[in-house]
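Below is one structure, written out as structure tokens, with a few remarks after it.
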Amino acid sequence: MKRPVYITQMGVLERRGNTLFLENENGKRAIPINSTSEIHCFKPVSLTSGAIKLLSEKNVPVHFYNKYGYYRGSYMPVEGQVSGTVVVKQAEHYLDTEKRLYIARQFLEGIKASMIALLSSRRAERSTIEGTEVEGDSPAELMGVESRLWKEFYSTYATLLKHFEFDERNRRPPRDEVNALISLGNSVLYTVALSEIRKTYLHPAISYLHEPLERRYSLALDLADIFKPITVFRVILRLVNRRQIREEHFSRDVGVMLNREGLKVFLGELNSELDRKVLHPRFKRKVSVRYMVRLEGYSLVKHLLGDRRYQSLRAWW
Amino acid sequence: MYVIVVYDVDVKRVARVHRFLRTHLHWRQNSVFEGEVSRAQLYEIKRTLEDIVENGDSVLIYELPDGRFNLHVIGVDKSPAGEII
């Protein structure tokens with residue numbers, strides 16, 4: 001299984017004798033390129049042309065984030081999986097309101113199920129979320145339902161946190177510790193979804209719940225949302241309540257951000273949650289949460305091609 | 001699967017083995033590499049090493065089920081393996 005690499009220090013990525021190296025004043029460190037699925041850079045990292053050549057050959061994308069943990073962009077090797085048929089079908093299901101609403105509603109049901117899965121594992125109050133009907137005659141109405149769900153989710157979530165204040169979600173930049181963690185986690189999940197979508201035939205810019213916009217891959221947003229409660233929010237809850245993330249892991253200027261130590265703790269835990277394997281009821285074998293993101297993509301492709309109706313994930317763990 | 005590769009080869013070939021292994025595994029300390037690889041990768045590692053080694057050379061590959069093992073470090077941990085740099 002190839003693994004992601006997270007870089008939390010400044011440096012230069014370069015190629016030396018078919019290996020990728022991260023070089024900086026602390027020295028050189030080899031990155032086993034054949035075992036790497038993608039690279040996430042949280043500090044300024046430069047890529048030499050040799051590095052880019054090697055990354056392209058091995059098909060390893062590099063994602064960049066700014067200091068507040070927001071996604072800034074990626075170096076993506078040339079598209080690997082291309083299928084005109086799937087893209088045409090994807091567009092068809094976007095343009096036909098009925099078809100689009102079906103998929104959007106499925107995404108929303110998936111988000112709701114994940115929220116319930118997390119809250120019930122903590123025996124938290126969830127009747128309002130359970131009672132929220134996923135109804136709407138337009139994508140905009142569904143987005144309204146989504147924001148109601150998140151609002152309700154946040155307020156219950158706040159009561160579960162034993163340390164740190166969390167009153168409301170704020171961004172760009174995040175103004176408190178929990179918001180900083182959520183922002184960073186969501187960005188990482190977004191790029192994971194993007195990396196997984198690129199392994200399928202789907203076009204990452206044609207989305208159903210989110211409106212497809214310029215300059216971003218909104219299908220990755222659609223898929224990432226399903227997994228947010230059971231990955232990002234689960235990990236934050238665990239780290240905060242066990243005091244593995246504490247005040248000294250943050251620094252503050254205009255906003256709040258994790259320092260290097262904090263980054264390491266948080267990314268390590270988020271990565272192992274994505275690697276966590278759960279028994280898949282249909283496959284009768286264990287699959288990782290990260291792989292389930294790709295499975296959502298595959299089921300969507302099947303739906304678009306008319307093989308099998310798409311049923312979004314109902315998190316059960 | 002998680003593997004540990006330990007090698008003891010003639011000094012003429014040490015650099016070649018090192019250069020090759022670091023494209024797949026994390027360098028741990030002199031002549032020791034470890035990391036998670038797929039079955040196909042393990043096959044490639046074995047095949048390539050077979051091509052490199054010559055008489056008297058010795059390479060050991062330990063395959064660890066689930067990567068579960070305890071590590072006791074005495075002295076310095078020269079290069080902790082891990083995905084977070």
Side-chain angles (χ1 to χ4, degrees), chain A residues 1-13 15-24 26-43 45 54-55 57-58 60 62 188 258 260-272 274-277 286 288 290, chain B residues 1-7 9 12-52 59 61-69 71 76-85:
Chain A
M1 210 38 206
K2 294 190 171 190
R3 289 158 166 275
V5 168
Y6 300 93
I7 297 177
T8 62
Q9 48 185 311
M10 272 172 73
V12 180
L13 278 177
R15 172 196 196 147
R16 290 262 172 89
N18 274 339
T19 319
L20 196 63
F21 281 93
L22 179 73
E23 231 182 293
N24 57 20
N26 303 333
K28 270 201 313 192
R29 187 136 165 201
I31 295 171
I33 186 84
N34 288 317
S35 311
T36 304
S37 57
E38 79 232 4
I39 298 176
H40 300 261
C41 303
F42 296 92
K43 287 283 157 66
V45 171
L54 189 62
L55 290 162
E57 273 167 24
K58 305 286 182 186
V60 179
V62 187
V188 173
L258 277 164
R260 198 168 155 221
E261 233 9 78
L263 262 180
K264 280 188 170 175
V265 176
F266 182 58
L267 292 173
E269 195 67 23
L270 184 58
N271 194 29
S272 60
L274 287 167
D275 272 348
R276 175 166 156 188
K277 295 198 167 164
K286 287 187 153 191
S288 70
R290 172 189 268 273
Chain B
M1 60 200 68
Y2 205 87
V3 296
I4 297 178
V5 181
V6 184
Y7 57 92
V9 298
K12 284 181 227 146
R13 292 179 286 278
V14 165
R16 267 182 80 194
V17 173
H18 178 96
R19 264 204 314 269
F20 167 69
L21 284 177
R22 77 184 173 203
T23 65
H24 288 275
L25 298 161
H26 292 278
W27 180 75
R28 207 52 216 253
Q29 62 178 37
N30 288 343
S31 309
V32 179
F33 279 85
E34 70 174 65
E36 179 82 26
V37 289
S38 64
R39 263 220 311 251
Q41 267 181 300
L42 182 63
Y43 176 76
E44 197 202 320
I45 291 172
K46 278 190 195 162
R47 217 201 48 211
T48 312
L49 288 175
E50 273 162 18
D51 288 344
I52 298 175
V59 180
I61 301 177
Y62 295 87
E63 191 185 313
L64 300 146
D66 305 332
R68 264 201 280 269
F69 60 92
L71 173 72
V76 232
D77 197 357
K78 279 193 176 175
S79 166
E83 283 81 36
I84 301 169
I85 306 175

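Every chain is numbered from 1, with letters handed out A, B, ... down the list of sequences.
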Spatial distance of atom CD1 (I39(A)) from atom CD1 (I85(B)) [nearest 0.5 Å]: 7.5 Å
Can you give each donor-acceptor pair under 3.5 Å made by side-chain atoms of residues 264-271 of chain A, sequence neighbours left out, with the distance rounded to 0.1 Å?
from, atom 1, to, atom 2, distance (Å)
E269(A), OE2, R238(A), NH1, 2.8
N271(A), OD1, Y6(A), OH, 3.3

Straight-line distance of I45(B) CD1 to N34(A) CG, nearest 0.5 Å: 8.5 Å
NZ/K277(A): more than 12 non-hydrogen atoms of other groups inside 6.0 Å: no
Short side-chain donor-acceptor distance under 3.5 Å, S35(A) and Q41(B): yes
Under 4.5 Å from a heavy atom of chain B, the part of I31(A) involved: both
Part of L22(A) within contact of chain B (heavy atom distance under 4.5 Å): side chain
For R16(A) against R22(B), the heavy-atom pair lying closest together: O-NH2, 3.7 Å
Under 3.5 Å: donor-acceptor pair, side chain of T19(A), backbone of T23(B): no
